**Student:** 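One structure is given below, represented as structure tokens, and several questions about it will come after.
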Amino acid sequence: MLKHLNIENYAIIGHLDIDFHPGLNIITGETGAGKSILLGALSLLGGARADAAMIRDGENSCVIEGEFDVAPYKEDLLPVFEENDLDWEEVITVRRMITAAGKSRAFISDTPVNLSALRAVADRLVDIHSQHQTLLLAGTGFQTHLVDAVAGHLPLVASYTGHFRQLNALKTELNKVVAANEAAAKERDYLQYQLEQLLALKLKPGEVAQLEEEQNLLTYAEEIAQGLDFCVGMLTADDGPLEGGITTGVRAMQQTLSKLAGRYSAAGELAARMESAYLELKDMAEECERRRDEVQIDPERLAVVSQRLDDIYTLCRKHRIDEANAEAELLRLQQELDVQLQEFDAAEERMGELRQQIAALETTAVEEAGRVTEGRRKAAPKIKKHVTKTLSELGIKGATFEVRIVPAKNGLTVTGADDVAMLFSGNAGSAPQPIEQVASGGEMSRVMLALKGLVAKSMRMPTIVFDEIDTGVSGSVADKMGAIIAGMGGSMQVLNITHLPQVASKGEHHYYVYKEASKGGGDAAAGGTHIRLLTPEERVEHIAAMLSGSAVTEAARTQARELLGRG
């Protein structure tokens with residue numbers, strides 16, 4: 001229940017501080033006095049969108065603060081508090097602050113909260129009915145929401161809606177992945193072909209250098225063999241320039257110098273050097289002979305090596321790779337192609353995962369949608385009975401009202417598997433039609449009152465606010481509508497903005513909203529919209545004025561007292 005409302009610098013309100021009471025609280029005032037502004041302030045506490053234009057001219061910020069007694073509703077509200085990490089208190093303060101920069105901050109009992117948490121709590125504290133909501137009754141989505149509220153399964157619908165949207169998101173992702181995969185199918189096949197060519201090559205690190213060296217050796221094998229053979233002959237052959245070859249000659253010189261060493265000291269040093277030369281030449285002769293024997297003239301092997309190199313260089317040219325870096329670049333390309341193909345494989349795997357998730361979510365969504373449908377079908381007769389009875393009490397004796405629930409044409413929708421429609425006929429014998437097509441403004445108001453009362457009762461709403469729900473009615477119907485609203489005040493707090501004296505007289509407390517111009521040189525906050533609780537005597541005068549206009553007559557006062565006495 002809303003106990004106290006404080007407004008600072010909101011629209012044309014400079015400062016407003018007012019207490020509200022249990023039961024039916026009536027709010028009246030002249031047109032343009034600011035009754036709708038009060039409604040806007042309460043909407044901000046409920047998480048409505050805020051902007052800097054709401055701030056009173058000349059001020060830097062505005063604050064709306066409401067104090068709520070929630071002790072009787074702990075069973076209903078505690079789960080909401082726990083879900084939003086809020087400490088339970090029997091009396092809470094909801095505060096909204098808006099700055100000139102358009103920034104908004106919200107608090108619940110001094111704990112900062114985001115708008116989703118604010119709305120989650122506020123939606124269970126106050127139900128605000130405006131004239132705009134009566135217009136919304138023409139929308140099937142709003143009608144569905146009302147049925148779900150009466151059915152008492154809004155949390156189930158919220159869960160289903162979450163799963164439905166998640167399901168659609170997964171389906172959208174799957175379609176994108178499938179489309180991308182199909183579009184890339186040709187590219188994938190080409191990449192696979194390229195990779196298979198590289199894999200078939202079986203290129204090994206260091207292979208190209210080895211092949212080039214072997215190719216060079218095989219190509220010039222005969223010339224190399226002849227050259228090595230010549231060197232061997234020069235070093236060792238008897239038919240060379242020196243008998244026995246150069247090696248033999250160097251050996252003979254070493255021996256000669258060694259004999260002279262005893263007579264000529266320098267000859268010993270020369271002999272040692274000659275010994276080293278002899279050993280080196282002898283080793284070189286053996287090495288040349290060994291390498292000559294290794295050199296093979298093999299045209300068949302040369303063809304194999306040349307073909308292998310040609311295969312490698314062909315792929316280099318195909319992929320525009322410098323032959324100087326053939327080996328490294330081809331192996332790098334092979335790795336890149338493998339990675340790209342793995343990405344295609346990952347897409348296939350992702351499609352499988354998405355299909356599994358979609359199947360599981362569809363099962364959950366279908367099960368939840370079935371429970372929602374069951375709840376709606378159970379609630380429909382209850383709604384029909386209540387609305388028809390209320391409409392009869394409000395003067396539409398032959399009214400017919402039905403809630404039609406049929407399977408949705410497109411299967412699952414954001415609100416379930418049903419198309420929900422409210423059908424109405426104000427005349428006995430006439431077939432009911434969609435309410436938005438046949439109901440007048442006055443009939444819409446009466447239907448809305450019946451529905452709102454049922455919803456508030458079903459949801460155990462602490463406070464309900466009506467903004468001129470009695471539009472389009474008068475006389476005895478207005479009196480009956482006031483009685484119904486007063487009856488609602490017996491089980492919850494009702495704030496009712498009205499322009500009808502028959503309705504205003506039903507309230508337990510009556511507030512008057514008025515506009516006061518600021519006085520020159522005075523406090524700027526003194527101007528703007530104000531609200532005050534009327535005394536019993538003031539109430540008589542005010543209702544009499546509502547009955548007779550600006551010139552209050554004694555007859556009007558008498559009628560006002562009668563209305564208040566009946567209230």
Side-chain angles (χ1 to χ4, degrees), residues 197-336:
Q197 279 190 316
L198 288 167
L199 291 173
L201 193 62
K202 296 181 180 179
L203 188 62
K204 300 179 181 65
E207 182 181 0
V208 172
Q210 293 175 358
L211 287 170
E212 288 178 339
E213 183 179 355
E214 184 179 3
Q215 183 189 48
N216 189 65
L217 179 62
L218 290 168
T219 300
Y220 302 104
E222 185 173 355
E223 182 180 344
I224 293 169
Q226 289 176 354
L228 290 171
D229 193 57
F230 171 77
C231 291
V232 171
M234 288 293 291
L235 291 168
T236 63
D238 292 338
D239 57 353
L242 295 175
E243 186 177 350
I246 295 173
T247 305
T248 302
V250 171
R251 182 64 173 169
M253 287 186 288
Q254 183 270 332
Q255 291 173 346
T256 300
L257 290 170
S258 294
K259 291 177 181 179
L260 294 175
R263 299 179 180 87
Y264 180 55
S265 59
E269 180 181 346
L270 291 171
R273 292 174 62 187
M274 199 65 72
E275 175 70 15
S276 296
Y278 166 74
L279 293 175
E280 180 66 18
L281 288 170
K282 182 181 179 183
D283 184 68
M284 289 174 62
E286 292 173 353
E287 178 72 9
C288 286
E289 188 174 9
R290 181 180 64 79
R291 288 186 176 275
R292 182 200 60 190
D293 293 341
E294 287 178 353
V295 174
Q296 298 180 2
I297 301 173
D298 189 346
E300 292 182 0
R301 176 60 186 168
L302 176 61
V304 170
V305 171
S306 297
Q307 184 60 52
R308 176 66 173 168
L309 284 171
D310 186 58
D311 290 342
I312 293 172
Y313 294 144
T314 297
L315 281 181
C316 284
R317 290 189 294 274
K318 178 179 179 179
H319 296 288
R320 298 181 181 179
I321 290 173
D322 185 358
E323 292 183 4
N325 300 314
E327 183 180 291
E329 289 298 306
L330 285 174
L331 289 173
R332 180 190 60 78
L333 177 61
Q334 178 178 316
Q335 184 177 12
E336 287 180 357

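Side chains included, hydrogens not; waters and symmetry mates left out as well; all remaining heavy atoms used. Here the structure is a predicted model, which is why all the values come from computation and not from measurement.
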**Student:** What are the two closest non-hydrogen atoms of Glu275 and Gln254, and how far apart are they?
**Tutor:**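 So the minimum-distance heavy-atom pair works out to OE1-CD, 3.2 Å.
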
**Student:** Determine whether Leu302 and Ser306 make a side-chain contact, defined as any pair of heavy atoms from C-beta on separated by less than 4.5 Å.
**Tutor:**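 With C-beta onward as the side chain, the pair touches.
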
**Student:** Tell me, yes or no, whether the heavy-atom count around Arg320 atom CZ, taken from other residues, nucleotides or ligands under 6.0 Å, exceeds 12.
**Tutor:**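 Counting neighbours around CZ of Arg320, 12 or fewer heavy atoms of other residues, nucleotides or ligands fall under 6.0 Å, so no.
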
**Student:** Rounded to the nearest 0.5 Å, how far does CD of Gln210 lie from NZ of Lys204?
**Tutor:**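 Between atom NZ of Lys204 and atom CD of Gln210 there are 9.5 Å.
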
**Student:** More than 12 heavy atoms of other residues, nucleotides or ligands under 6.0 Å from CZ of Arg290: is that the case?
**Tutor:**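 More than 12 heavy atoms, drawn from other residues, nucleotides or ligands, come within 6.0 Å of this atom.
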
**Student:** Go through Ile321 and Tyr313 one step at a time and tell me if the side-chain contact (heavy atoms from CB on, under 4.5 Å) criterion holds.
**Tutor:** CA-CA 9 Å; Ile321 290 173; Tyr313 294 144; over 6 Å; no

**Student:** For the CZ atom of Phe230 and the CZ atom of Arg292, what is their distance to the nearest 0.5 Å?
**Tutor:**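 Here the rounded value is 13.5 Å.
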
**Student:** For Glu212, is the CD atom crowded, meaning more than 12 foreign heavy atoms sit under 6.0 Å from it?
**Tutor:**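 Yes.
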
**Student:** Does a donor on one side chain and an acceptor on the other come within less than 3.5 Å for Gln215 and Thr219?
**Tutor:**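 The answer is no; no qualifying pair exists.
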
**Student:** How close do Leu228 and Cys288 get, counting heavy atoms only, and between which atoms?
**Tutor:**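 For Leu228 versus Cys288, the nearest heavy atoms are CB-O, 3.9 Å.
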
**Student:** Have a look at Tyr278 and tell me which of Asp283, Thr248, Thr247 forms a side-chain contact (heavy atoms from CB on, under 4.5 Å) with it.
**Tutor:**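 When Asp283, Thr248, Thr247 are each tested with Tyr278, the side-chain contact (heavy atoms from CB on, under 4.5 Å) holds only for Thr247.
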
**Student:** Just do the side-chain contact (heavy atoms from CB on, under 4.5 Å) check on Thr314 and Arg317 with the steps written out, would you?
**Tutor:** CA-CA 5 Å; Thr314 297; Arg317 290 189 294 274; 3.3 Å; yes

**Student:** If you draw a 6.0 Å radius around NZ in Lys318, do more than 12 non-hydrogen atoms from other residues or ligands fall strictly inside?
**Tutor:**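 Check passes, neighbour count above 12.
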
**Student:** Begin with the C-alpha distance, continue with both residues' side-chain angles, and end with the deciding distance and a verdict on salt bridge (charged side-chain N to carboxylate O under 4.0 Å, His left out) for Glu287 and Arg291.
**Tutor:** CA-CA 6 Å; Glu287 178 72 9; Arg291 288 186 176 275; 2.7 Å; yes

**Student:** Say you draw a straight line from CG of Leu235 to CD of Glu286; how long is it, rounded to the nearest 0.5 Å?
**Tutor:**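 The distance works out to 10.5 Å.
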
**Student:** I would like to know whether Arg308 and Leu201 meet side-chain contact (heavy atoms from CB on, under 4.5 Å); could you show each step before the answer?
**Tutor:** CA-CA 9 Å; Arg308 176 66 173 168; Leu201 193 62; 3.5 Å; yes

**Student:** Which atom pair, heavy atoms only, marks the closest approach of Ser258 to Ala271?
**Tutor:**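 In this case the closest contact between Ser258 and Ala271 is OG-CB, 3.6 Å.
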
**Student:** Taking the side chain as everything from C-beta on, heavy atoms only, tell me whether Leu211 gets closer than 4.5 Å to Ile312.
**Tutor:**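 Of all side-chain heavy-atom pairs linking Ile312 with Leu211, at least one is under 4.5 Å.
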
**Student:** Give, for atom CD of Gln335 and atom CG of Leu331, the distance between the pair rounded to the nearest 0.5 Å.
**Tutor:**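 Going from the CD atom of Gln335 to the CG atom of Leu331 covers 9.0 Å.
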
**Student:** One thing to verify: whether Arg332 and Glu336 come together as a salt bridge, which I'm taking to mean a side-chain N less than 4.0 angstrom from a carboxylate O.
**Tutor:**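 The answer is yes: the pair qualifies as a salt bridge.
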
